[in-house]
Structure formats: C-alpha cells, structure tokens
Amino acid sequence: MTTLVIAEHDNAQLKGATLNAVAAAAKIGGDVHVLVAGANARAVADQAAAAAGVSKVLLADAPQLADGLAENVAAQVLAVASSYSHILFPATASGKNVAPRVAAKLDVAQISDIIGVESADTFQRPIYAGNAIATVQSADAVKVITVRTTGFDAVAAQGGSAAVEEIAAVADSGLSAFVGREVAKSDRPELAGARVVVSGGRGLGSAENFKILDPLADKLGAALGASRAAVDAGYAPNDWQVGQTGKIVAPQLYVAVGISGAIQHLAGMKDSKVIVAINKDPEAPIFGVADYGLVGDLFQVVPELTSAL
Ligand code: FAD
C-alpha cells in the first residue's frame, strides 16, 4: 500500500497545504510519495523530500507543467497512478481542479474533502455545511481523495530525507493554454493558512468602515476575512470570504466582528482554536461558538481593543 500526494506549489515554494495532505496520507498507513509536477521545480522537490514522513519524491519537470494546467497535471498523475493504492490532493482550488479528472479516468468515485481517516478504505467528511459528518467506505481499487487541509495538522517541513526521482514528463495535452495570472499583493498572511484571522461582517456597514479592522489586524499579524454579506455588499474583496462557499480556515485565533454567525459562515471557521466574537446583539448565534464574546458596538470596541493591544 503506497499513497501518492500531489504537491501544491508555485515552482519555487512547496505550499503548506501539501504538508496537511501528507499528514492525512500518513494516517492511511504505508509509504508516502509526493509528486511534484512543475517547471524548474527542483527546489520544490527538495522541500517535499525534507517533509517528515515522505519516503520518495517524484519530480516531473517540463515547461508544459509550469502553470498547473489541470489537463497536463492530471495526465502526469495518471502516468504513475498504477503504482498507488491512494492518490491524495489538498482540497484547494488547484487540487479540486485536477482530482476529478484523475478519478474519472481511473473510473473510480472521488472521495471529497476528508477530515478524518478511520482506515485505509474508510474516511470521514463533512456534509450539510459541516452539520453532519459522513463516514464513507470505498471499495475502489484506487482511492482518489481530496483532503480538507484544516482537518489534519501539517507534518513537519523538516526532518525527512526522501530520495528525489526524476520521471518523464507527459507531453502537452494541447487542450488548454496558460493565458495569465493576477495575484493579489498583500503584506498580510494568506487567509487560508494564517495563524490569526480578523473577519468583518455586514455590521461594519461600508467598505470605508471596514478599514477599522486594519489596525487590529496589524497588531495581531492577522489575515483579513469577511462574511459573504460583507463581500456581497462590496465592503470586502471576494477572496476574503470565509464560509461554506468561501475559504475554510482554522487559525489559532479567529476574531469575528459584526458577524451574526449564520450556519454557512460557521462552516468556514468553527474549527478555529480560539474564537472571539464582537457583536452588539447578545442573541447573535456567533456567541454559541465563541470562546470569548464581547457584546458592544464594534465602532467603540474595536478601537479600544486595538489600543489596549
Ligand atoms: P448579518 O447576518 O446581517 O449580521 C450582521 C451582524 O452584525 C448582526 O449580528 C448584528 O448584530 C451585528 N452588528 C451590526 N452593527 C453592529 C455594530 N455596530 N457593532 C457590533 N455588531 C453589529 N455566509 C458566509 O459568511 N460565508 C459563506 O461562505 C456563505 N455561503 C452561503 C451559501 C449559501 C448557499 C447561502 C444560502 C448562504 C451563504 N452565506 C454565507 C450567507 C449567510 O447565510 C449569511 O447571510 C451571512 O453569513 C451573514 O453575514 P453577516 O453575519 O455579516 O451579516
């Protein structure tokens, strides 16, 4: 039994989500290999080889793998799939783009968004926006799985010493071409992996008012997040949305400001280690999941909290 984890990276850095997927692979048992499909991505392969619990890294290095085109990466995975009992992807935008293609080509059912491993064929996954946990068992010969990264603590980035094996890259499928990428530049940590997140909701009232969260986030070294209502109202950018249809986060500290705590929002943050809620309504559902609740007007409380910090 050997598990292949598909690395997420930008050809220079291995993304942290890969280390969460390796942790899930380790729970399955057996050897854990990592596939790095990229261009000039040797440094990424070396980082993957240093991750705890990885016994081998496969490096497919070619220009057609530079930009993570799903058609090419899926073909690369399929080229080695026959050697593996389990193929794991982080349940990120790119993992979710490739995994279904691999599952379909292998004619197996994808097992999506697992948060627990009970055995080599039995897994836990949230359903109904996290209100219930389904235990699913697969009889497929190869298990193609996406891993909810917040469900597994990352393995150590250092300490391993796996061999890196270069493998032949698949030819360009010609089915898609990379056109361009617009990357939001920010000095703040990336929302999905941040240790601290400060999120604002409709209670902020406007994009201008949303800036009241900046000094608080600065003090805490936090990423900024938002509820869907705040995003829909244009107070915050789309990629800040936390929740069922946004990002799933599980930071050490989550501060929810002017957020009521709708079930779809909780689905994205309720696994945070410590939750602080600031809301003027003492009946707001967010207080049901909060470790610390502050009932008050955010426009008074947030500046006070910031200056106290
Ligand atoms: P509200 O529910 O309007 O809450 C605003 C809060 O601010 C209130 O509790 C109020 O008491 C408080 N407040 C107001 N003024 C102040 C003040 N001055 N000081 C302190 N507190 C104040 N939502 C998400 O967030 N993420 C998702 O991914 C998501 N996905 C969805 C998917 C589906 C299919 C559906 C149907 C809904 C989804 N939603 C999602 C929307 C969700 O149901 C809620 O509508 C949304 O989360 C509400 O956002 P909010 O808490 O900011 O707004």
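Atoms within each ligand, like the ligands themselves, are counted from 1 in listed order. It should be emphasised that the depicted structure is a prediction, and the values quoted were computed from it without experimental measurement.
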Would you say OH of Y128 has more than 12 non-hydrogen atoms from neighbouring residues, nucleotides or ligands within 6.0 angstrom? no

Is atom 45 (O) of ligand 1 less than 4.0 angstrom from some protein heavy atom? no

Other residues, nucleotides, ligands: >12 heavy atoms within 6.0 Å of D218 CG: yes

Heavy atom of the protein closest to atom 31 (C) of ligand 1 (residue, atom name, distance): R228 NH1, 3.2 Å

Taking only heavy atoms of G243 into account, list the atoms of ligand 1 that are under 4.0 Å away from them. 26 (N), 27 (C), 28 (O)

Sidechain N-carboxylate O distance under 4.0 Å for R148, D113: yes

Those atoms of ligand 1 less than 4.0 Å from some heavy atom in F299: 18 (N)

At less than 4.0 angstrom from any non-hydrogen atom of G201, what atoms of ligand 1 do you find? 52 (O)

Could you list which atoms of ligand 1 come closer than 4.0 Å to a heavy atom of G246? 28 (O)

Any nitrogen or oxygen of V242 lying under 3.5 Å from a nitrogen or oxygen in ligand 1? Just yes or no. yes

Between N279 and I259, does the side chain to side chain contact (heavy atoms under 4.5 Å, CB included) criterion hold? Intermediate values first, please. CA-CA 7 Å; N279 198 303; I259 292 177; 5.7 Å; no

Under 4.0 Å from a heavy atom of G296: which atoms of ligand 1 are those, numbered in the order shown and with their elements? 19 (N), 20 (C)

Which residue supplies the protein heavy atom nearest to atom 3 (O) of ligand 1, what is that atom called, and how far is it? R202 NE, 2.8 Å

Ligand 1 to A262, heavy atom cutoff 4.0 Å, flagged ligand atoms 42 (C), 43 (O), 44 (C), 47 (O)

Distance to 0.1 Å, residue and atom name: give those for the protein heavy atom nearest to atom 10 (C) of ligand 1. N279 OD1, 3.5 Å

For atom 17 (C) of ligand 1, which of the options L298, L294, V301, T245 provides the nearest non-hydrogen atom? L298

What's the shortest distance from atom 43 (O) of ligand 1 to any protein heavy atom, and which residue and atom give it? Q264 OE1, 2.7 Å

Check the orientation of Y254 and H265. Use parallel for under 30°, tilted for 30 to 60°, and perpendicular for over 60°. tilted

Would you find a donor on one side and an acceptor on the other, under 3.5 Å apart, between the side chain of D140 and the backbone of V108? no

For ligand 1, which atoms have a heavy atom of S227 less than 4.0 angstrom away? 25 (O), 49 (O), 50 (P), 52 (O)

If you count the atoms of ligand 1 from 1 in the order shown, which ones are under 4.0 Å from a heavy atom of Q244? 27 (C), 28 (O)

Is there a side-chain contact between V257 and V302 (heavy atoms, below 4.5 Å)? yes

Please check if the number of heavy atoms outside D107 that lie under 6.0 Å from its CG is greater than 12. no

Who gets closest to atom 49 (O) of ligand 1 by heavy atom: A229, A277, A129? A229

Less than 4.0 Å between a side-chain N and a carboxylate O, is that true for D214 and R188? yes

Tell me: protein heavy atom nearest atom 27 (C) of ligand 1, and distance? Q241 NE2, 3.2 Å

Taking atom 21 (N) of ligand 1 as the reference point, the nearest protein heavy atom with its distance: K280 N, 3.1 Å

Below 30° counts as parallel, above 60° as perpendicular, anything between as tilted: where do the rings of Y235 and F210 land? tilted

Any donor and acceptor pair, going by atom type alone, linking the side chain of D31 with main-chain N or O of S55 inside 3.5 Å? no

How about T122 and V136: do any of their side-chain heavy atoms sit closer than 4.5 Å? no

A226 to ligand 1, any heavy atom closer than 4.0 Å: no

Is it the case that ligand 1 has an N or O less than 3.5 angstrom from some N or O of A230? no

Nearest protein heavy-atom contact for atom 7 (O) of ligand 1: which residue, which atom, what distance? G258 O, 3.0 Å

A side-chain contact here means heavy atoms from C-beta on lying under 4.5 Å apart; do V255 and V197 qualify? no

What is the nearest protein non-hydrogen atom to atom 51 (O) of ligand 1, stated with its residue, atom name and distance? S260 N, 2.7 Å

